[in-house]
Structures are given as structure tokens and as C-alpha cells.
2 protein chains.
Amino acid sequence: MTMLHIVDDDEAIRDALGWLFQSRNVPVAGWPSAEAFLEAWRPDTAGCLLLDIRMEGMSGLELFDRLLSKGCRMPVIFLTGHGDVPIAVGALKKGARDFVEKPFNDNELVDRVIDALGFDAEQREREAGQAGLAARLATLTQRERQVMELVVAGRLNKVIADELGISMRTVEVHRSHVFEKMRVKTAVELTRLLTGAS
Amino acid sequence: MTMLHIVDDDEAIRDALGWLFQSRNVPVAGWPSAEAFLEAWRPDTAGCLLLDIRMEGMSGLELFDRLLSKGCRMPVIFLTGHGDVPIAVGALKKGARDFVEKPFNDNELVDRVIDALGFDAEQREREAGQAGLAARLATLTQRERQVMELVVAGRLNKVIADELGISMRTVEVHRSHVFEKMRVKTAVELTRLLTGAS
DNA sequence: GCCGACTCTGCGGATATCCACAATAGCCGC
DNA sequence: GCGGCTATTGTGGATATCCGCAGAGTCGGC
């Protein structure tokens, strides 16, 4: 599942890159056009992207833009023979991980791809944690969410009761439901969970 | 204090850029060489940097490296007439904010400089807050710091007492000293303070 | 040697939090 | 209408936290 996706309309280059990476034990998938990859892309597509800039049809840059607007966070490395400073600067400022001109150094490129794959794996791990958190948050009712926010803001139960215009007892009930659903035992743990601390 | 620092060995360009920015109400300081700016730079120098790449003596890139190693976090915009993709990519990956080729569009450059100045101001505000926090942390004794860490980890006083091999009462004393010194009233507030939450 | 810190501890009481048991009420779907 | 979910509140008790009052031991500086 996690692999390097090479998008280039030149089959010879795809093959050469495929050989290079497979010889280094990096799994590879080749795509003959931006359209083909865009069509196949799913939010759970993992790994990293090696994009040629100039291709028949959709360019690598446009593919990058389309992927970004779909919420894709995979690291992208651009590969081009026709380098141009404004293009490189624009791509990097949009979040591309690297921008490499041909001819490139094989070892360097492989290292950068491996770095990018590691980054993607870590990022997905973080996001998986966040997804579990989001799932638990989704089980809270409105009222529980309100109470939770005030608890995490450091308010005492009696203050929360005042602010929401309900009794302290009710706050306690909601509070304990929040703790149960979020699987924590103290307000501090809940705070760490929501603020994303170690 | 906060201003645009233009480093370029060509006096005509410094003057032209000076005029451009001053006409837009952006305060400017001109420096005839990387060495001159490096000499004058202090950790509290605020604003942003507009660096020419190719200069007599130290290059803009080398100045950038030297500033980074001194802990400078000012946003840097490179300006060059002799663009080169690997150089631009390297600069951006090291953290440069932008890389602009001459001839440039006046309005765009001014906008980017203004953005960068705003970014620097926000960054300094954040760091000022962190500095105040660090100062308060420095007033804690060893024991207080230990207790604080366990409190922020969500442990109950009795557990902290066990782990440190002291009585609960002593933990309470340290705990209240921590709250006092850190100027918070609850463990949750302390947690937010240390984990850098909103 | 005295003074100021830091550390440690106990007692007792005021608050706050946690929780089981119990009950009322509105809303929604089967 | 009945059952389930949500929101609400109360009583009462077990724990935990917050604090003032009191005392004691160590260590380093003047």
C-alpha cells in the first residue's frame, strides 16, 4: 500500500526510475499520466509522489493543485528537466517536499524519497490517532461538548453550572459522561488529549 | 526597530528599493554587505530581510546560514538576477520565506515584505510569551518542578506522593507553590500553559 | 551562630470532585 | 404507546483538593 508513485508520460523514464527504486527495495507504482493517477487516487493512498512537471495533458503542477484541493497530504517531489525558478519557488511554497532537476544524483533522489515515505508514514500515524479522537468526540452530545469545553478551559463545576444556567449536579453528570466517552480519568488528561500534548 | 533590512552591495539598488518601500510606508535600513549586517545583527533585531544572493565578499546564502546558526528567525526573502533552481530550492528548504528573481513586480514584492513583517511581529509576540513562561519556570525549585511534571501528567496527589516517596501534605505544599509561581489556579490551566494551548 | 531558602510532616476544616441511587420530562422511532 | 436517548435535578456519602496554623531538619551565606 505504501509506495512511491511515479507519474511521468515517458515510459522509458518510468521504467528507469522503477528499476532504480526497486533495486533499493522501494516499492513503486508507475502512472502514465496525471489524469490516470488523479483518477486512481483515494484518501487512503499512502506513500509519496514523484511528479514530472511537463507532460501531455495535465501537468504535474496542476495534478499537485488538484490533489491539494482534494485534501491529499502525500509528500510530493517534483522532477523536471526544464527547471524554472518561479515554478520551483511556487511549488515549494505550496508545500511540495522537493524540486529536483534532471539530471539528478540517484543516491540523493533515493534518500529523499525514503525520507518522504517515512514522513508520510509518521503523518498517517498521527492522523490515525486524531481520527480515533474525532470518533470519540463525535459520540458526545451537544451539552456534553459544551461542558467539556469549559472543563478544558479550566473552569470549576460551579462556574460551568452558572455559565450554562444548570445545576452543579447536572454538570457533574455530563462531565463524567465526557470522561467515560473520551476514556480519561482526569480533566488534565482530557486537556492533554484535546491540545495534542505528548 | 521593526523594519525591512536590505542587504545588497549595489548602492543604486539599495536606493531604488529604499524609495519603493518608503513610499509604501515600510521603514527600511540598507546594508552594503553581508558582513556589515552580520556584525550589526542582534537577537532582538526585528523585521525581515531582503537579501541579494550575489555580492562581493560573503554571499546572501552564506549570510543566511550564519544567521540561522546564530538563532536568527527573521523571515528572509532572497532577491537575485541570476536565478538557479537548486539554489532556490535549497534556500526555501532551509526556511527562506521567498526567492524572487529580478526583474520583479513592485507590488508583489511589497506585499510579500509586508506579510513577512507581520509574520515576524506575530512570531516575536509568541516568543515573548514563551520567555515570560521560561522566567516563571526558572523560579521553581527542583522538587517543585518534579511535582509540577507529575501534576501535568494527570497524576493525583496521592500517586505523586507515592512516586516521590513523600507525604501527600508535602505534595500539596509544593503543588500550591507551583500554582502560585506559575500564576494559575487549576491543574488544567497549568497544563494548557505548558503544552502551549490557546 | 543566625538567617533565609528549601524540604518535609501533621492536624483540621472548607471546597470540590466522583459516584450510586432515584426520579422527572421531552423527543424520536418502531 | 413503549423503549431508548438526552437533559435535568436531588440526596448523601466517599475521595480529593485547597489552605492556614505549627513545627522541624538541612544547607549555605554573612
Side-chain angles (χ1 to χ4, degrees), chain A residues 129-198, chain B residues 129-198:
Chain A
Q130 294 297 308
L133 175 58
R136 278 176 282 169
L137 278 173
T139 68
L140 298 178
T141 65
Q142 265 66 58
R143 215 44 162 169
E144 285 165 353
R145 220 184 310 281
Q146 291 177 339
V147 171
M148 180 183 73
E149 281 165 15
L150 294 170
V151 166
V152 168
R155 309 279 210 291
L156 296 180
N157 285 352
K158 69 154 69 166
V159 180
I160 297 174
D162 277 353
E163 292 189 23
L164 295 184
I166 57 184
S167 79
M168 239 182 78
R169 187 63 189 87
T170 307
V171 173
E172 288 174 25
V173 171
H174 289 314
R175 182 182 175 125
S176 80
H177 286 162
V178 169
F179 283 8
E180 191 184 344
K181 287 180 176 176
M182 302 304 289
R183 294 176 200 157
V184 296
K185 286 198 295 289
T186 68
V188 168
E189 288 176 53
L190 183 61
T191 304
R192 298 178 72 84
L193 203 60
L194 295 180
T195 58
S198 48
Chain B
Q130 292 298 307
L133 174 59
R136 278 177 282 170
L137 278 173
T139 68
L140 297 179
T141 65
Q142 277 77 48
R143 216 44 162 169
E144 285 164 353
R145 219 184 311 280
Q146 290 178 339
V147 171
M148 181 185 72
E149 282 165 15
L150 293 170
V151 167
V152 168
R155 309 279 210 292
L156 296 180
N157 284 353
K158 69 153 68 168
V159 179
I160 298 175
D162 277 353
E163 292 190 22
L164 295 183
I166 57 184
S167 78
M168 242 184 72
R169 186 64 188 89
T170 306
V171 173
E172 288 174 24
V173 171
H174 288 314
R175 182 183 175 124
S176 81
H177 285 163
V178 169
F179 283 7
E180 191 183 344
K181 288 181 176 176
M182 301 304 289
R183 293 175 203 159
V184 296
K185 286 199 293 291
T186 68
V188 168
E189 289 176 54
L190 183 62
T191 304
R192 300 178 70 82
L193 202 61
L194 294 181
T195 58
S198 48

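By convention in this document, chain letters (A, B, ...) are assigned in the order of the sequence lines, proteins followed by strands, and residues within each chain are numbered from 1.
Residue-environment remark: CZ (R183(B)) stays at or below the threshold of 12 foreign heavy atoms within 6.0 Å.
Residue K185(A) contributes atom NZ, which lies 10 Å from atom P of dC19(C) at whole-angstrom precision. Rounded to an integer number of Å, the gap from L140(B) CG to dT7(C) C1' is 15 Å.
Side-chain contact, R145(B) with Q142(B): no donor N or O sits under 3.5 Å from an acceptor N or O.
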Problem - Trace of the side-chain contact (heavy atoms from CB on, under 4.5 Å) decision for T141(A) with K181(A) - result: CA-CA 11 Å; T141(A) 65; K181(A) 287 180 176 176; 4.3 Å; yes
Exercise for the section: Go through V147(A) and N157(A) one step at a time and tell me if the side-chain contact (heavy atoms from CB on, under 4.5 Å) criterion holds. Expected result: CA-CA 9 Å; V147(A) 171; N157(A) 285 352; over 6 Å; no
Problem - CA sep, side-chain torsions, deciding dist, call: V171(A), L150(A), side-chain contact (heavy atoms from CB on, under 4.5 Å) - result: CA-CA 10 Å; V171(A) 173; L150(A) 294 170; over 6 Å; no
Problem - Worked verdict on E144(B) versus H174(B) for side-chain contact (heavy atoms from CB on, under 4.5 Å) - result: CA-CA 5 Å; E144(B) 285 164 353; H174(B) 288 314; 4.0 Å; yes
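Within residues 148-160 of chain A, no residue has a heavy atom under 4.0 Å from DNA chain D.
Projected onto DNA chain C by closest heavy-atom contact, G165(B) and E172(B) fall at different nucleotides, the more 5' of which corresponds to G165(B). Sequence order on DNA chain D of the closest nucleotides to R143(A) and R175(B) puts R143(A) first from the 5' end.
When each of M182(A), K185(A), R175(A) is tested with L190(A) by the rule side-chain contact (heavy atoms from CB on, under 4.5 Å), just one qualifies, namely M182(A).
For dC6(C), its base never sits under 3.5 Å from the side chain of Q142(B) at any donor and acceptor pair.
When heavy atoms are screened at a 4.0 angstrom cut-off, S176(B) is found touching no nucleic acid atom at all. Using a 4.0 Å heavy-atom distance criterion, K181(A) is classed as making no nucleic acid contact.
Applying the 4.0 Å criterion to OP1 and OP2 of dC8(C), one finds that H174(B) has a side-chain N or O inside that range. At the phosphate of dC8(C), neither OP1 nor OP2 sits under 4.0 Å from any side-chain N or O atom of R169(B).
A salt bridge does not link E189(A) with R192(A): every distance from a Lys NZ or Arg NE/NH1/NH2 to an Asp or Glu carboxylate oxygen is 4.0 Å or more.
Nearest approach of T191(B) to T191(A), heavy atoms of both residues: CG2-CG2, 4.1 Å.
Distances from the side chain of T141(B) to the nucleotides dT9(C), dC6(C), dC19(C) place dC6(C) closest.
Taking every nucleotide of DNA chain D with any atom under 4.0 Å from a non-hydrogen atom of chain A, the first and last of them, 5' to 3', are dT6(D) to dT11(D).
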